[in-house]
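I have placed the structure first, in the form of structure tokens, so that the comments after it can refer back to it.
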Amino acid sequence: CLSLGARLARPGEFTERAFLHGRIDLAQAEGVRESCEALTEAQLRLASRVREGSISREVSRIRQEIERLLSAVDASVDFSEEIGEFDRERAAEVCAAALRAIDKLLWNADAGRIMREGYRVAIVGPPNAGKSSLLNALLKIERSIVTDVPGTTRDYIEEKADFGGVPVVLIDTAGLRETQDTVELIGVQRSRVIAAQADTVWYVYDGSEGWSDEDEMLASAFGSYVKLLANKSDLGASGPGMPISAMTGAGLDRLVEEIKEHAQVDSAEPLINRRHEPILLATRDALEAFEMSLGEAPDDLLSVLLTQAVMQLGEITGETAAPDMVERIFHDFCIGK
């Protein structure tokens, strides 16, 4: 039992102590949190790389290059007679290299989002096509209510799944149809919004009844990234797309393999998280302004722009992070970590 005066550790207290004592930086601390939150092997591998410094090393390398430029600019301002003019041609080369490195990190931002939060699959289609049955079959649990009554699903149901180590978010949506029911209509509208925000869309229709003009109209509204699934193949499904059966499981293994192939982003490249992305974009803006100012701006203005870039990058690793930002990060930890 707890002794008098003993207390539970605050969320993230031990990791925060390691950060405050310089044993890890802020990005590595986020890796600790991601390790605790990981639900799949791929997420755990990503968290381990972050914890070991994959992001920190790359951000620190870019920051050091910019700091060298800043030192050169400041030296030219203070000791121009002794060391001469600031080498702007060389500065342009260093700045361009830093921008390329930042762009590479930003390019992988979506991959990082998928690995941490899951590859989002919106399951859409008309009522009674078997969307909820498909969700249940993939999850191997009775998560969605399945009945013969059209419009049973009036709101979306979102569930996380592990497809061979790949995190996936399956979203069962309300059936797409014209309706006078206010609640169901809201569900249909939400279905379209969710589909627009998903990484891919599965349009499920009743293949035993064949492909209709209404299916063509509904499916075409989701653009080229929609995948057609002809459900109820056990009843002799016909029509375009992949034949599947939520009842017997026919075709589901193939469907899972396709998602694993599309969503697999377990690369050795540093994968930033949502907090890092706006910081890198702000850094990029400062460096672009510096690059554009190299032609005629005075050295002291160049120094201001480089200082902004250095300060921004320091927010990722923690050197210049504001106390409230640090507090928010550790507040999300579980107790005792």
Side-chain angles (χ1 to χ4, degrees), residues 30-31 33-47 50 108-125 129-146 152-176 186-204 219 221-229 231 241-242 244 246 249 251-267 271-277 332 334:
E30 289 174 306
R33 183 190 65 206
E34 291 172 9
S35 295
C36 298
E37 296 173 349
L39 298 176
T40 71
E41 292 181 7
Q43 287 177 322
L44 187 57
R45 286 195 296 270
L46 171 61
V50 175
N108 289 324
D110 198 46
R113 191 261 314 160
I114 289 173
M115 284 301 300
R116 290 178 173 89
E117 303 173 19
Y119 187 82
R120 298 181 66 81
V121 179
I123 306 174
V124 304
K131 300 184 299 298
S132 297
S133 296
L134 176 59
L135 176 74
N136 291 341
L138 289 170
L139 294 175
K140 296 181 172 58
I141 60 171
E142 295 296 315
R143 178 61 182 86
S144 283
I145 298 174
V146 178
T152 301
T153 303
R154 296 190 167 203
D155 200 356
Y156 70 93
I157 296 174
E158 182 173 310
E159 283 292 327
K160 294 181 179 179
D162 181 350
F163 283 8
V166 176
V168 177
V169 179
L170 300 172
I171 313 166
D172 181 20
T173 64
L176 302 174
I186 293 173
V188 171
Q189 293 170 341
R190 285 184 179 177
S191 297
R192 298 187 184 281
V193 172
I194 288 168
Q197 297 171 343
D199 294 300
T200 194
V201 175
W202 290 345
Y203 183 87
V204 182
F222 297 105
S224 59
Y225 66 106
V226 64
K227 182 175 183 63
L228 306 181
L229 300 179
N231 192 26
M242 179 190 295
I244 65 168
L252 299 194
D253 287 345
R254 179 183 165 197
L255 194 59
V256 168
E257 288 302 317
E258 285 192 5
I259 288 297
K260 285 168 61 178
E261 182 180 344
H262 292 156
Q264 183 61 265
V265 291
D266 188 17
S267 73
L271 299 180
I272 62 174
N273 63 31
R274 287 187 182 272
R275 183 181 74 87
H276 304 155
E277 187 173 4
D332 293 335
C334 59

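Computed from a predicted structure; not experimentally measured.
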| message | Test side-chain contact (heavy atoms from CB on, under 4.5 Å) on V121 and D199; report intermediate values, then the result. | response | CA-CA 6 Å; V121 179; D199 294 300; over 6 Å; no
Problem set entry | CA sep, side-chain torsions, deciding dist, call: H276, E30, side-chain contact (heavy atoms from CB on, under 4.5 Å) | CA-CA 11 Å; H276 304 155; E30 289 174 306; 2.8 Å; yes
Task: Verdict with supporting geometry, L39 and D162, side-chain contact (heavy atoms from CB on, under 4.5 Å) - done: CA-CA 8 Å; L39 298 176; D162 181 350; over 6 Å; no
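Annotation: salt bridge (Lys or Arg N to Asp or Glu O under 4.0 Å) contacts of E117 (sequence neighbours excluded): R274. Residues satisfying the side-chain hydrogen bond (donor to acceptor under 3.5 Å, both in side chains) criterion with E34, sequence neighbours excluded, are R116. Under the side chain to side chain contact (heavy atoms under 4.5 Å, CB included) criterion, A129 pairs with P126, V204, sequence neighbours left out.
Between K260 and E257, at least one side-chain N (NZ, or NE/NH1/NH2) sits under 4.0 Å from a carboxylate O, which counts as a salt bridge.
Atom NZ of K131 sits about 9.0 Å away from atom CD1 of I123, to the nearest 0.5 Å. How far CG of L271 is from CG of N108: 5.5 Å, rounded to the nearest 0.5 Å. Put simply, CG on L134 and CG on L170 are 8.0 Å apart, with the number rounded to the nearest 0.5 Å. One distance of note links NE2 of H262 with OH of Y119; it measures 6.0 Å at 0.5 Å rounding. Here CH2 of W202 is found 6.5 Å from CG of L229. Values are rounded to the nearest 0.5 Å. Remark: E258 CD to M242 CE distance equals 3.5 Å, nearest 0.5 Å.
In terms of heavy atoms, I259 sits closest to F163 at CG2-CD2, 3.8 Å. Considering every non-hydrogen atom in both D110 and R113, the closest pair reads OD1-NH2, 2.9 Å. In terms of heavy-atom proximity, T40 sits nearest to G165 at OG1-O, 2.9 Å. The minimum heavy-atom distance linking S132 with D172 is given by the pair OG-OD2, 2.6 Å. A pairwise comparison of heavy atoms in A122 and A195 identifies CB-CA, 3.9 Å as the closest pair. Across A219 and V226, no two heavy atoms sit closer than the pair O-CG1, 3.9 Å.
With contacts defined as side-chain heavy-atom distances shorter than 4.5 Å, the pair V169/I171 qualifies. At least one side-chain heavy atom of R120 sits under 4.5 Å from a side-chain heavy atom of E158. With a 4.5 Å cut-off on side-chain heavy atoms, L255 and K227 count as touching.
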